[in-house]
Amino acid sequence: MPYRARRPAGTRPARTRLLLTALLLFTAAVGLGPLGAQPAGAASNLVRNPGLEVLDGPSQFPQCFEKSGWGDNDFSFAVTDDAHSGSRAVRIQLTRRADGDRKTMMLENSCAPQVTPDHQYDLSFWYRSSTPDVAFTLFRHDTAQGWVYWTDLKTLPPSAAWTRTEVRTPVIPPNTDRITWGGALYGVGTLTTDDYAMTDATVPAEPDPCATGGTGPECRGRWTVQTADAPVRAIHSVLLHTGKVLLIAGSGNDQDAFRAGTFKTSLFDPATGDYTDIPTPEDFFCAGHVQLPDGRVLVVGGNKDYAAPDGSVGYKGLKSSYVFDPARNTYVRVNDMLAGHWYPSATAMGNGDVVALGGLGEDSSGTVVNEHFSYARNTWLPMGEAKQAWSFWGLYPSMILLQDGRLFYTGSHVFGNGLPGTGASVYDYDAGTISEVPGLRKKDERDQSMSVLLPPAQDQKVLTMGGGHHVVAPDAHRLTDLIDLKAASPQYVPGPDLPQGHYADGSPQTGDQGKVYLSAVILPDGTVLETGGALHTYREDPVFEASLYDPATNTFQAGLATDPVPRTYHSSSTLLPDGRVLSIGNNPGDGSFDQRVSIYQPPYLFRGDRPQITSLASTRWTYGTTQRITVDKPVVKASLIRPAAVTHSSDPNQRYVDLPMTVDGTTIDLSLTSNPNLAPPGWYMLSVVDAGGVPSVSRWVRIGSEGQVAAARVQSFADELKASESHASAPGTSAPAQESAHRHHGVQMAEGYDGCDHAYGEISQCVPWSFPKMPRAERCTWLLDKGYGRLKVHGRDRHHLDRDKDGIACGKGDVRRS
């Protein structure tokens, strides 16, 4: 390989005072103190701005990096969003070369990593290259000679996919205090690099106290249970752009309240702890809900009637719909939907409209009718305008909007088996096509699992966590499955298993025991909090466990502090604007409801002073624009988080949108995506995060001007997937015939779907949740007449069927004799 000399440092253009100021700020941001003052630390990444995410204001090139090289060649450098992670990488292109090279390297000043003589260092970066003419090259700073070429350690093979390369340096020579390094392109082609890392391979890593049994709040966080209970059974939690939380109960899974017409909603103010009663016109128990672009909340359907006492008829869905207006704290009725929906999903689209589907209809059958709410017209569209696939999507199907405008059904749902086929699919609402996606494990055991579009939304990765199904298996599992929806042929791959917790008696989970009813909350530092849950659907086996999932490493940090309150059926967790998490709800198998409220302070709130957003140029943002903010201290990333609207382990609209930054002192320009499908219009929480992972309190901004619509499709992978008719109830039937067949008839559901009490007998047996009016002593006789036999009691005998207390319900000593 030819020797590649470098242009002397003195021939470079002088850096401006502004750039030096920016570098000083960035140095402080990554926790390294004043320039030149911090020695290399053991096992920490010694590269500043390693992900190339922070741009220098004057140069618009990543801070602490430079365009370097020498010789007779034609070249270009570009900051690109084709990144390995985050939003930025650097691409070099050589179109002609006589001699020399071009490379992206750390600046030859205090940005260059410090080293210690006699030590060795592990250096790595991620790259894509179209040519074999790439070398891993190093320079060193000699205290007597200045900056000199040191060595080339490796030649890198071409790679169309992102590939990590790593080398270990020779022993650092005497009189060397810093090095700089990177990939040198010395042939015609392209080289893109990202995610640089450098660690000291000589000094053993100092143990991380949080990884070696640390129990302080800076490692585990802290839960606090509020002194005042919520005044309602909070089945649904919706964070409003006012900072208050809408807690919707409806009848609250209480048939007495339903018969009395007592429907409730309360507005909780986390800042004061106050509650405000909201008049509630109908039973929104198990409705759908979604934020509209103006901050109002669209409520979709709800409960028309409870299941029949004998389990012969299931729950019935409302076709009525309302909008909650936070400006007036009132529900306003809109026009009725095409069909009833109990347990429907509602997904915000890139143009501000809403597509709702799934659930049970007015006759207890599975609803096969899609609903389309036009935001511009403030109305549900009529048949013929609302596009139909005539598919049953289950109950609360997790439908996540993709960057190309299609919907990804993750496989997470409530009640029953997974859908036919692979259990996950891409639904093109406009075209009416459904394409199966492979790889989801135990697709029939995803009842009340939770799926999350991982941070950042630009990466288009979804994680599906936990779940179960009382008919298929008695215990919930701990599987997670991960899918990259930007891949050419996306499919789920196994993720790390959920960490295990303990039960109320202190005994630990064992074997494959996992959780249903879990909550997953995106946090402003880009991690995901998972908390709460239970071992069984319907039975009283809460699991006390919480962890943080890091999308960057695909790992869980286990051992967080756990909510003292059991959080099982009808529980939810919601990120608050100040970075805390609200957890509420718990509906045990005995029909009671725990109305205590817990607040979680994540570990980042115990790790030093928080950065502040001191000003915003505007709180109304248009797609594809640059928005200016000022901060009080250096920060390394910024994001928008869509406020939660969550119920039953389901919030398909939850997302974290990365905001690439350009820094000029304490002034930061944030780049908002031009694609509304990545960030559907509405109110978002804007936060910034410092180098220690500590976030600011969020500021509210509204994105998407009126009338702005989503860009054209930007990915085509679903076109390559095999189209499937597995969701259609009548394969091969023409659209007009299907419309005629399904306009009044949905999918027949299993008996008692799901007015069953699974605390008795085999997990597959359905004992009615409530009985016809009769003396308790006659219930066993009634059950025996229906064909039931002896039933083992699991936990509490809530229906008083085990009169002789021998653990067997409706046994010989329990039946009343005439």
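Between Y306 and F258, a ring centre-to-centre spacing shorter than 6.0 Å is recorded.
Applying the salt bridge (charged side-chain N to carboxylate O under 4.0 Å, His left out) test to pairs two or more places apart or on separate chains, those with a residue in residues 379-394 are R377-E385, K387-D430. Every pair passing salt bridge (charged side-chain N to carboxylate O under 4.0 Å, His left out) that includes a residue from residues 336-356 is listed here, sequence neighbours excluded: R333-D336. Within the structure, salt bridge (charged side-chain N to carboxylate O under 4.0 Å, His left out) contacts touching residues 591-600 (residues at least two apart or in different chains) are D594-R596.
Checked against side-chain hydrogen bond (donor to acceptor under 3.5 Å, both in side chains), N653 has no partners two or more places apart in sequence or in another chain. In this structure, the ring pair (Phe, Tyr, Trp, His ring centres under 6.0 Å) partners of F324, at least two apart in sequence or on a different chain, are Y331. In this view, F268 and Y275 satisfy the ring pair (Phe, Tyr, Trp, His ring centres under 6.0 Å) rule, not counting sequence neighbours. Y684 meets the ring pair (Phe, Tyr, Trp, His ring centres under 6.0 Å) test with no other residue; sequence neighbours excluded. Partners of E530 by salt bridge (charged side-chain N to carboxylate O under 4.0 Å, His left out), not counting sequence neighbours, listed by chain and number: K515. Residues satisfying the side-chain hydrogen bond (donor to acceptor under 3.5 Å, both in side chains) criterion with H413, sequence neighbours excluded, are absent altogether. For the ring pair (Phe, Tyr, Trp, His ring centres under 6.0 Å) test, no residue two or more places apart in sequence or in another chain qualifies with F263. For S598, the side-chain hydrogen bond (donor to acceptor under 3.5 Å, both in side chains) criterion is met by D563, R567, not counting sequence neighbours. Residues meeting the side-chain hydrogen bond (donor to acceptor under 3.5 Å, both in side chains) test with S321, sequence neighbours left out: W380.
One side chain, N303 or D283, offers a donor N or O that lies under 3.5 Å from an acceptor on the other.
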